[in-house]
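Just so it is clear, the model here is predicted, and its values are computed rather than measured.
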Amino acid sequence: MAFKKNTPLVLSGLEPLVITPESNFVNVGERTNVTGSKKFLRLIKEENFEEALSVAREQVENGAQIIDVNMDEGLIDGKAAMVLFLNLIASEPDISRVPIMIDSSKWEIIEAGLKCVQGKGVVNSISLKSGEEEFVYQATQIKRYGAAVIVMAFDEDGQADNYDRRIEICERAYRILVDQVKFAPQDIIFDPNIFPVATGMDEHRNNAVDFFNATKWIKENLPGAKISGGVSNVSFSFRGNNAVREAMHSAFLYHAIKNGMDMGIVNPAMLEVYDEIPKDLLEHVEDVLLNRRDDATERLLDFAQTVTGSAKQRVVDDSWREEKVEDRLSHALVKGITEHIDDDTEEARKNFDQPLEVIEGPLMNGMNTVGDLFGSGKMFLPQVVKSARVMKKAVSYLLPYLEAAKQAGARSQSKILLATVKGDVHDIGKNIVGVVLACNNYKIVDLGVMVPADKILQAAKEQDVDIIGLSGLITPSLDEMVYVAKEMEREGFKIPLLIGGATTSRIHTAVKVDPEYSGPVLHVHDASRSVPVAGELLKNDTFFTSIKEEYKTLRENYLAKREVKALPPIEKAIANKQVVDWSNQERLTPNFIGTKVFENYPLKEIRSFIDWSPFFNTWMLKGKYPKILKDEVVGEEATKLFEEANTLLDDIISENSLTAKAVIGIYPAESKNEMIDVFGDEAKQNKQATLHFLRQQNKKGEGRFNNSLADYVAPTSAQNGGFIGGFAVTTGLGIEKLIEKFEKDHDDYHIIMVKALADRLAEAFAELMHTKVRKELWGYAPEEKLDNDSLINESYQGIRPAPGYPACPDHTEKRTLFDLLEVEKNTGIELTESFAMYPAASVSGFYFAHPDARYFGVGKIGKDQVEAYAKRKGINLEEAEKWLKPNLNY
C-alpha cells in the first residue's frame, strides 16, 4: 500500500498523541532515565518506586508529551525494574495518559517493556550495528507489538559522525523497514546523532550543522519518517553552566525544528525561550552551532565565564582568600584548587627576591603539608594527585622567571628516574609513584614506557639522577629488570635501584635482581612506600646494608626450600588428567564458525559491565564497590572520586574520545593431551593453528586432577564439544590524544583517571563480549540471566583464560591467538616484543565452553615437561625456559 504524504504518527497512552507536520515540537521527558538523572537512578537502586513515580508525574506536569523510561545500569536488574515501573505507571492515570518510550540498549528489556506498556509506545532504539539479520528480527517484533521505533544512525562500521554517513545509514535502514519488514513509514523515527559542539576539537565543529542538514535530507527523501534526538548531548562541553546550556538547547532546537526535527529527549526545565536569550549570548552560541567562525569555541568559552546560571548559585566558602598569600598557596595545594594559582603565585613572586624562593618556600611548605597528611593517612591518593596538579601549574607559571634569572637548572632535594621497562606498556602505577614522590620535593624524570636498558642508563648519567625506579606488569618484564641490574653493575653504577609493578615481589627482587647489582636494590610494594624508602636509601647507609642482609637471607631460605621439592614425571601427570564427559553436549555446537569484528562499540553499553572495585584499588583506596562509598575512613573520598570518574566517563562517551573495537572467533577444534588443533571448517580439513598448553605437574591428592586447558576441548573421538573460541578487545584507541590534552594542562589527576577508566572499560568490554558469546554468538547459555555482581563473581558456564596468566603462563601463545583472529588488522591492537598489548587498555584470551571448565594455576613444572613443550612448539629449550621462567622447578 502506497504511503500517503499526510499520514500522521499516532501514539497513545490513555490519550492519543497525533503528530502531524503542523504539530509543534514534541517534548520527550528525560528524567525517568537512570543514565540521565542521578535522582531517578538513586530511587530505582533503593527500590523506592513510589517516589520514582513522582519523577514521571513531574515530567508530565512540566509538559513532557512522551516519557522516556530507561533502566540500563550495571547494578540494576534492568528487565525486572522496567516491568515493575511500567506496571506501576499503568495504575497512575495522570502519568499513563501520555505515551511511553521504552529506552534500552538490551533487546530483552525492550521486549519485556513492550509486553507491559498500554496504548502505542515507542522503542528507543534499534540499529544496524549488529547487522541486518538482527535489525530485521527486532523491527518485525516491534511491528508485531504495534509500537513505533527510533532507529539510530549506527551500522556495522560504527556511529554516523558526519553528514554523508548519517544519510547513508538512514536511507539503508528506511528501505529495509519499508520494503522488507513492511513497517509503516510514519512509525519510523530516525535519530541522526546529536553530538557535542565546542569541545575544542576541529572534527566536532560541524556536528550541529551536519545534524541539521541530515534532518532536512531525511524529511525530503524518506517520506513519512520522523526525526528525534537527545538534545542535551549538544551542550556537554558546558556542564555546570545551566544558563549557557539552556541557551544552546533552545537555539539548537530552533534550527533543528526549522529543518524538520519532530521530537527530542529534553528536560523542559532546561529550555530557554529562544526570543528571550540575551542577544550577545545567542550570537556566541549560534556561532558555535552553525560553525560560523573559526574561533567560535574559544569566544563562547570566554563569554561563558561571564554568564551565570542556577548551577553557579551555590554558597562557596571563600574565606581562605582573605589569608596571607603563603597560607593561600598552602590551602590551594592541600585542597587541589587551581582557580587562583596564577594570581597567588605572582603575588608570592613579588614578595621574594628570587622566583626560586617561591618554590623552595611557600610552595614546598604546602607540599610538605600534603606529604605529611598523606603519610599519616589524613589525605588519600586522589587528593594528592590533585595537589600535584596545583604544584605543576605554579611551577609552570614561574618557569619564565626562573629562566630569566638563570635558575631553571636549580635542583630539588633529589632526582629520581622512572621507566617502564622494554616490552611493557603499563604505567599507571609508575605515574602514581612519580606524583607521590614529586609531592615530597623529588625531581622526577619519567622516561615513559617500553624503555630499553641502554636508554635508561644513558638518561641516568646525563640527568645525574640519585635513584632509578623500574616498573613492569607482565612477567617478561621481570627478566628485563634483571638485565637492567646487570648493566648497572657492568657500567659501575652505585645509586639505588627500586623495583615495582604488579608482577614484581619482594622474593623475586631478592632472588633474581639483588644478586646482579652490588648497589642498593629494593622492592617497593606501593606508592605510599616510595617516599620513606627513597628517603632512607639516600640518607641512611645502614638502611642499605640491612636491606642487603635481609635479601640475602630471603634468597638463601628460598633456594633451600626449592631444593627439597620434586615433581612427578609429566607422564604421570598426564595419566591423572580429568576425564571430561563429552556425551550430551550438543549445546556446545556454536551458532556460527569463524570471526566477527565489532567496530566502534558503544561505550555507553560497555559502561554497565564495569567492575569498579579494582578502580578504587588503583587509587589505593581499599574496599569493595559499592560498600567502599560508605566506608567510615575512605567513603567520602571514594564517593568524590567515583563521581568525578563518572563525570569524565560521561565526557569520554559523549565526545567519543575513546574507541572500542573487538574481534571474536569460534572454531572447530580437537585436543590431544596438552595441544589443541584449530580448524577453519567443521569438516576439520583446514587447520588454522595449533595451541600449546601446559599441565599441572605437582603431586595431587586422591580424587584431584592434574589440569590442562586442553582438557576442556573434546578429543577427535568425541561426538560433541570440539570447539574453541578466542577474543581480543580494546578501549584504548584514541587515549594518546586525550592524555596529551591533560598533559598540556599539567593535569596528572586526569591522566591517571583516563588510564584507569580505559583499563576498566577494557575489562568490562571483555566481560560484555563473553556474555554475548555465551548467550548469542556461541549460544550455549541462551537463557542466562545474571546481574553485574554475578558476572564479576564468574557465576556462569565457561571461562576466558588469557595467555600469560596462571592457567596458560606462556605469553608467546598470544602471537598464535593474534594470527588466528587477525587482531592487528581487525582491532589495531599490537604486540610488543615481550607480548604486551598496545594500547594497554586491551584484553585477549580464549573461550572454553564446557561446564567443567575452571580457572586454575599451572604452578611449577619440571624440565621433562619443558623439553616436551619446546619440542612440540618447535623452539629450543633455552627459548622455552625464558618464557616459562616463573614456572620452572629447576
**Q** With no hydrogens and no angle check, is any side-chain donor or acceptor of Thr420 less than 3.5 Å from a backbone partner on Val449?
**A** no

**Q** Taking all atoms of both residues into account, what is the closest heavy-atom pair of Ala645 and Met753, and its distance?
**A** CB-SD, 3.7 Å

**Q** Is any NZ, NE, NH1 or NH2 atom of the basic residue among Glu605 and Lys129 found under 4.0 Å from an Asp or Glu carboxylate oxygen of the other?
**A** yes

**Q** Look at the side chain of Ser471 and the backbone N and O of Ala419, then say whether any donor-acceptor pair between them is shorter than 3.5 Å.
**A** no

**Q** Do Lys596 and Leu777 have side chains that get closer than 4.5 Å, going by heavy atoms?
**A** yes

**Q** Taking Pro196's backbone N and O only, do any of them form a donor-acceptor pair with Asn207's side chain (distance below 3.5 Å, no angle check)?
**A** yes

**Q** Keeping to residues at least two apart or across chains, list the ring pair (Phe, Tyr, Trp, His ring centres under 6.0 Å) pairs with something in residues 805-839.
**A** Phe835-Trp883

**Q** If you round to the nearest 0.5 Å, how far is NZ of Lys744 from OG of Ser396?
**A** 13.5 Å

**Q** Do any N or O atoms from the side chain of Asp427 and from the backbone of Gly448 form a donor-acceptor pair under 3.5 angstrom?
**A** no

**Q** Are Tyr855 and Glu794 close enough that a side-chain donor and a side-chain acceptor fall under 3.5 Å?
**A** no

**Q** Do the side chain of Ser608 and the main chain of Lys604 share a donor and acceptor less than 3.5 angstrom apart?
**A** no

**Q** Listing request: all ring pair (Phe, Tyr, Trp, His ring centres under 6.0 Å) pairs with a residue in residues 635-655, at least two apart in sequence or in separate chains.
**A** Trp612-Phe642, Tyr625-Phe642

**Q** Using the rule given for side chain to side chain contact (heavy atoms under 4.5 Å, CB included), can you reason through Ile829 versus Val663, listing the C-alpha separation, both sets of side-chain angles and the distance that settles it, and then say yes or no?
**A** CA-CA 10 Å; Ile829 306 171; Val663 58; over 6 Å; no

**Q** Check whether more than 12 heavy atoms from other residues, nucleotides or ligands sit under 6.0 Å from atom CD of Glu636, and answer yes or no.
**A** no

**Q** Return the minimal non-hydrogen interatomic distance between Leu289 and Ala208, and the atom names on each side.
**A** O-CB, 3.3 Å

**Q** Would a distance-only check, ignoring hydrogens and angles, find a side-chain to backbone donor-acceptor pair under 3.5 Å from Arg760 to Asp611?
**A** yes

**Q** Nearest heavy-atom pair of Asp210 and Asn162: which atoms, and what distance?
**A** OD2-CA, 3.6 Å

**Q** Please round to the nearest 0.5 Å and tell me the distance separating atom CG of Leu658 and atom CG of Asn600.
**A** 11.0 Å

**Q** Within a strict 4.5 Å, meaning less than it, do heavy atoms of the Arg800 and Glu767 side chains meet?
**A** yes

**Q** Just by modelled atom types, is the Thr338 backbone N or O under 3.5 Å from a matching donor or acceptor in the Arg389 side chain?
**A** no

**Q** Evaluate the side chain to side chain contact (heavy atoms under 4.5 Å, CB included) criterion for residues Asp155 and Arg165: first the C-alpha distance (whole Å), next the side-chain angles of each, then the deciding distance (0.1 Å), finally the verdict.
**A** CA-CA 10 Å; Asp155 68 4; Arg165 286 272 292 145; 3.0 Å; yes

**Q** Distance alone, cut at 3.5 Å: any donor-acceptor contact between the side chains of Ser104 and Asp72?
**A** yes

**Q** Just verifying a value: how many Å separate Ile468 CD1 and Gln463 CD, rounded to the nearest 0.5 Å?
**A** 11.5 Å

**Q** Atom CG of residue position Asp157 - does it have more than 12 heavy atoms of other residues, nucleotides or ligands inside 6.0 Å?
**A** yes

**Q** Quick one about Asp650 and Thr647 (side-chain donor to acceptor, distance below 3.5 Å, no hydrogens or angles considered), yes or no?
**A** no

**Q** Quick one: pull up NE2 in His204 and CD in Glu655 and give me the separation to the nearest 0.5 Å.
**A** 7.0 Å

**Q** Can you tell me if NZ on Lys622 sees more than 12 non-hydrogen neighbours from other groups inside 6.0 Å?
**A** yes

**Q** Hey, are Asn70 and Thr35 close enough side-chain-wise for a donor-acceptor pair under 3.5 Å?
**A** no

**Q** Kindly say whether Phe238 contributes a backbone atom to a donor-acceptor pair with the side chain of Ser235 at under 3.5 angstrom?
**A** no

**Q** Under 4.0 Å between a Lys/Arg side-chain N and an Asp/Glu carboxylate O for Arg815 and Glu824?
**A** yes

**Q** Distance check, rounded to the nearest 0.5 Å: Ile444 atom CD1 versus Ile467 atom CD1?
**A** 9.0 Å

**Q** Using a strict cut-off of less than 4.0 Å between a Lys/Arg side-chain nitrogen and an Asp/Glu carboxylate oxygen, indicate whether Lys741 and Asp745 qualify as a salt bridge.
**A** no

**Q** If you look at every heavy atom in Ser232 and Glu30, which pair is closest and at what distance?
**A** OG-OE1, 3.7 Å

**Q** Taking atom CD of Glu813 and atom OG of Ser844, what is their separation to the nearest 0.5 Å?
**A** 11.5 Å

**Q** If we ignore hydrogens and angles and just use 3.5 Å, is the side chain of Thr639 paired with the main-chain N or O of Leu629 as donor and acceptor?
**A** yes

**Q** Where is the tightest heavy-atom contact between Ala160 and Phe195, given as atom of each residue plus distance?
**A** O-CE1, 3.3 Å

**Q** Counting N and O atoms only, with roles assigned by atom type, does the side chain of Thr730 sit under 3.5 Å from a partner on the main chain of Gly732, one being a donor and the other an acceptor?
**A** yes

**Q** Taking His770 as the fixed residue, which of Phe727, Phe846, Tyr796 is the one that meets the ring pair (Phe, Tyr, Trp, His ring centres under 6.0 Å) rule?
**A** Tyr796

